[in-house]
Asks: 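For reference, the structure I am asking about is given below.
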Amino acid sequence: NALYKMGTIYKDKLEDLPMAIETYEEFNRRFGSDTRVPEAYFQLFLIETRRGNNAHAEMYRSRILSAYPNTTFAQMLAQPDYIERFALMQKEQDSLYSATYEAYANNNFSAVMNNTAYARKTFPGSKLMPKFLFLEALTIGKTQSSANFEKALNTLVETYPQSDVSFMAKDIAALIR
């Protein structure tokens, strides 16, 4: 767990891509039967794509397709235009989050709930998901009971314990209690 999480921290928090690659590779070497190995290869694919190293990205793509053909990652990577679709998906997520934040700021709570539901369905693994859930929890806090508000905050903290918004959610839940 620690080694896998370390790779994620290097990739997403510190943006130290060479260390992320080294860490994910070490994870795959040491724990080759772990269920997260296909996801680690997928992360390596994303890192190499981001770095513009298409040969290495293709190597990881091929490894996923051949060794883990029944995974969600293989299904995504089997699509020939995956990279272009992934880039568009990132832009759509950012745009949707901006619209959701603006809706919250304008007290358009139904839009917040609808946008969060759409994000949950369309982008379940998004890095922005904790922020969507935080806006949803704040909306619940303004429109529903304090028990529902606390439950939404606790769900966010349990699902994304290391997210920056989880720390705020934890503090708010403590104040409610």
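It should be emphasised that the depicted structure is a prediction, and the values quoted were computed from it without experimental measurement. Sequential numbering from 1 along the given sequence is applied to the chain's residues.
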Asks: Quick one: OG1 on Thr71 to OH on Tyr41, what's the gap to the nearest 0.5 Å?
Replies: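 That separation rounds to 12.5 Å.
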
Asks: Are any non-hydrogen side-chain atoms of Leu96 and Gln93 less than 4.5 angstrom apart?
Replies: no

Asks: Sorted by first residue and then second, give each salt bridge (Lys or Arg N to Asp or Glu O under 4.0 Å) pair with at least one member in residues 166-177; sequence neighbours left out.
Replies: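 Qualifying pairs: Glu150-Arg177.
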
Asks: What residues form a side chain to side chain donor-acceptor pair (under 3.5 Å) with Thr100, not counting sequence neighbours?
Replies: Asn115

Asks: Applying side chain to side chain contact (heavy atoms under 4.5 Å, CB included), can you list everything that pairs with Thr155, at least two apart in sequence or on another chain?
Replies: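 By the side chain to side chain contact (heavy atoms under 4.5 Å, CB included) rule, Thr155 matches Lys151, Thr159.
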
Asks: Supply the atom-to-atom distance Lys127 NZ to Asp94 CG, rounded to the nearest 0.5 angstrom.
Replies: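 Answer for the NZ-CG pair, Lys127 versus Asp94, is 8.5 Å.
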
Asks: Do Asn108 and Ser110 come within less than 4.5 Å of each other through their side chains, counting heavy atoms only?
Replies: yes

Asks: Would you please name every residue forming a ring pair (Phe, Tyr, Trp, His ring centres under 6.0 Å) with Phe149, sequence neighbours left out?
Replies: none

Asks: Please name the pair of heavy atoms, one in Ser66 and one in Pro69, separated by the smallest distance, quoted to 0.1 Å.
Replies: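 That would be O-CD, 3.7 Å.
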
Asks: Please step through side-chain contact (heavy atoms from CB on, under 4.5 Å) for the pair Ile172 and Phe134, ending with a clear verdict.
Replies: CA-CA 11 Å; Ile172 294 169; Phe134 187 63; 4.1 Å; yes

Asks: How close do Ala152 and Ile140 get, heavy atom to heavy atom, and via which atoms?
Replies: CB-CD1, 3.8 Å

Asks: Can you list everything that forms a side chain to side chain contact (heavy atoms under 4.5 Å, CB included) with Lys142? Sequence neighbours excluded, please.
Replies: Tyr104, Asn107, Phe109

Asks: Nearest heavy-atom pair of Leu156 and Pro130: which atoms, and what distance?
Replies: CD1-O, 3.6 Å

Asks: Are Leu135 and Tyr97 side-chain neighbours, meaning at least one heavy-atom pair lies under 4.5 Å?
Replies: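 Side-chain contact under 4.5 Å: yes.
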
Asks: Where is the tightest heavy-atom contact between Ala173 and Asn154, given as atom of each residue plus distance?
Replies: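 Nearest pair, atom of Ala173 first, then Asn154: CB-OD1, 3.7 Å.
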
Asks: Can you list the steps and then say if Arg63 with Glu58 is a salt bridge (Lys or Arg N to Asp or Glu O under 4.0 Å)?
Replies: CA-CA 8 Å; Arg63 190 169 294 161; Glu58 182 57 33; over 6 Å; no

Asks: Could you check Leu14 against Met19 for side-chain contact (heavy atoms from CB on, under 4.5 Å), going step by step and ending with a plain yes or no?
Replies: CA-CA 10 Å; Leu14 300 176; Met19 282 303 297; over 6 Å; no

Asks: Taking side chain as C-beta onward, heavy atoms only, is Phe27 less than 4.5 Å from Asp34?
Replies: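 A side-chain contact under 4.5 Å exists here.
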
Asks: Kindly compute the distance separating CG (Asn28) from CG (Leu44), expressed to the nearest 0.5 Å.
Replies: 6.0 Å

Asks: Would you compute the distance between atom CD of Gln75 and atom OH of Tyr68 and round it to the nearest 0.5 angstrom?
Replies: 16.0 Å

Asks: The criterion is side chain to side chain contact (heavy atoms under 4.5 Å, CB included); which residues satisfy it with Arg51, sequence neighbours excluded?
Replies: Leu17, Ile21, Ile47, Glu48

Asks: Just to verify, what does Gln144 make a side chain to side chain donor-acceptor pair (under 3.5 Å) with, not counting sequence neighbours?
Replies: Asn148

Asks: Where the side chain of Ser166 meets the backbone of Gln162, is there a donor-acceptor pair that is under 3.5 Å apart?
Replies: no

Asks: So, do Tyr60 and Phe45 have ring centers that fall under 6.0 Å from each other?
Replies: no

Asks: Does NZ in Lys11 sit with more than 12 non-hydrogen atoms of other residues, nucleotides or ligands closer than 6.0 Å?
Replies: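 Counting other residues, nucleotides and ligands, NZ of Lys11 exceeds 12 neighbours.
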
Asks: Taking only residues two or more places apart in sequence, or in another chain, which ones meet Asn1 in a side chain to side chain donor-acceptor pair (under 3.5 Å)?
Replies: Arg36

Asks: State, to 0.1 Å, how close Thr23 and Gly7 come at their nearest heavy-atom pair, and which atoms those are.
Replies: CG2-N, 3.4 Å

Asks: In Å and rounded to the nearest 0.5 Å, what is the OH to NZ distance from Tyr10 to Lys5?
Replies: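 Those atoms lie 16.0 Å apart.
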
Asks: Name all residues meeting the ring pair (Phe, Tyr, Trp, His ring centres under 6.0 Å) criterion together with Tyr24; count only those two or more places apart in sequence or in a different chain, and write none if there are none.
Replies: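 Tyr24 satisfies ring pair (Phe, Tyr, Trp, His ring centres under 6.0 Å) with Tyr4 once adjacent residues are dropped.
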
Asks: Heavy atoms, side chains only, cut-off 4.5 Å: are Lys131 and Leu128 in contact?
Replies: yes

Asks: Should Glu26 and Arg30 count as an ion pair when the cut-off is N to O under 4.0 Å?
Replies: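 Yes, this pair counts.
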
Asks: Please tell me if the side chains of Thr8 and Gln43 come closer than 4.5 Å, counting only heavy atoms from C-beta onward.
Replies: no

Asks: Only counting residues at least two apart or in another chain, list the ones meeting side chain to side chain contact (heavy atoms under 4.5 Å, CB included) with Met129.
Replies: Ala119, Arg120, Phe132, Leu133, Tyr160

Asks: Taking ring pair (Phe, Tyr, Trp, His ring centres under 6.0 Å) as the definition, give me every residue that meets it alongside Tyr101, ordered by chain and number, with sequence neighbours left out.
Replies: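 With sequence neighbours excluded, Tyr101 shows a ring pair (Phe, Tyr, Trp, His ring centres under 6.0 Å) to no residue whatsoever.
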
Asks: In Å, rounded to the nearest 0.5 Å, how long is the span from CD of Glu158 to CG of Leu153?
Replies: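 One finds 11.0 Å between CD of Glu158 and CG of Leu153.
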
Asks: Please name all residues satisfying side chain to side chain donor-acceptor pair (under 3.5 Å) with Glu102, sequence neighbours left out, ordered by chain then number.
Replies: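 Partners of Glu102 by the side chain to side chain donor-acceptor pair (under 3.5 Å) criterion come out as none, since no residue qualifies.
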
Asks: Which atom pair, heavy atoms only, marks the closest approach of Thr49 to Ala57?
Replies: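 Reported closest heavy-atom pair: OG1-CB, 3.5 Å.
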
